[in-house]
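Reading through the structure tokens given below for one structure.
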Amino acid sequence: MKEQVEKTENSKEFSEECNRVLAAVSDALYSIGGKWKLMIIISIARGNHRFTELQRQVKGISARVLSSELKDLELNGFIIRKVTAGYPVTIEYELLPYSQTLEEVVGAMTRWGMQHRERIKMEGSAGKAQQSK
């Protein structure tokens, strides 16, 4: 009987921890998930501040999607949209200090992406060698 109570308690603790982790990952994916958000942040960090520069740098993104993603990033406190009066009016996007909290995430994803690309290349070349035998 005592073992069953312990299993139930451990199961609840595990379940609560799992729920906390899932909620945290869900929140992160909501804020920076998708195909474009991190790429936009990286592009702004590398000096692309105008809409057309971002669209040119982030290959494959449409103007409509870029506009939507920029609004989401602004709402989540990663960037700010600066409008400069004059002729013509210029609009630039700048990173806010909060975006610096993503450095570790971007670094880890960069390392993993490079490692994964190498693995795929190696498996691809190994597969071709196997087929030619």
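None of these values were measured; they are calculated from a predicted model. We're numbering straight along the sequence, starting at 1.
Partner Met39 forms a side-chain contact (heavy atoms from CB on, under 4.5 Å) with one of Val58, Leu54, Val106, Ile44 and no other, that one being Val58. Of the listed residues (Lys37, Lys35, Arg64), just one forms a salt bridge (charged side-chain N to carboxylate O under 4.0 Å, His left out) with Glu69, and that residue is Lys37.
By the 4.0 Å N-to-carboxylate-O rule, Glu74 lies too far from Lys71 to be salt-bridged with it.
Put simply, CD1 on Ile79 and CG on Leu70 are 4.5 Å apart, with the number rounded to the nearest 0.5 Å. For the atom pair CG of Leu38 and OG of Ser43, the computed distance is 12.0 Å after rounding to the nearest 0.5 Å. We find the NE2-NZ distance between His49 and Lys82 to be 10.5 Å, quoted to the nearest 0.5 Å. Taken from CD1 in Ile40 to OG in Ser99, the straight-line distance is 13.0 Å, to the nearest 0.5 Å. How far OG of Ser62 is from CG of Leu66: 8.0 Å, rounded to the nearest 0.5 Å. Remark: Leu96 CG to Leu73 CG distance equals 10.5 Å, nearest 0.5 Å.
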Test salt bridge (charged side-chain N to carboxylate O under 4.0 Å, His left out) on Arg56 and Glu53; report intermediate values, then the result. CA-CA 5 Å; Arg56 194 175 11 243; Glu53 293 171 343; 5.7 Å; no

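When the side chain to side chain contact (heavy atoms under 4.5 Å, CB included) test is applied to Ser31, the partners found at least two apart in sequence or on another chain are Asn76, Phe78. For the side chain to side chain contact (heavy atoms under 4.5 Å, CB included) test, residues two or more places apart in sequence or in another chain that qualify with Val105 are Ile32, Met109. Tyr30 is linked by a ring-ring contact (aromatic ring centres under 6.0 Å, His included) to nothing, counting only residues two or more places apart in sequence or in another chain.
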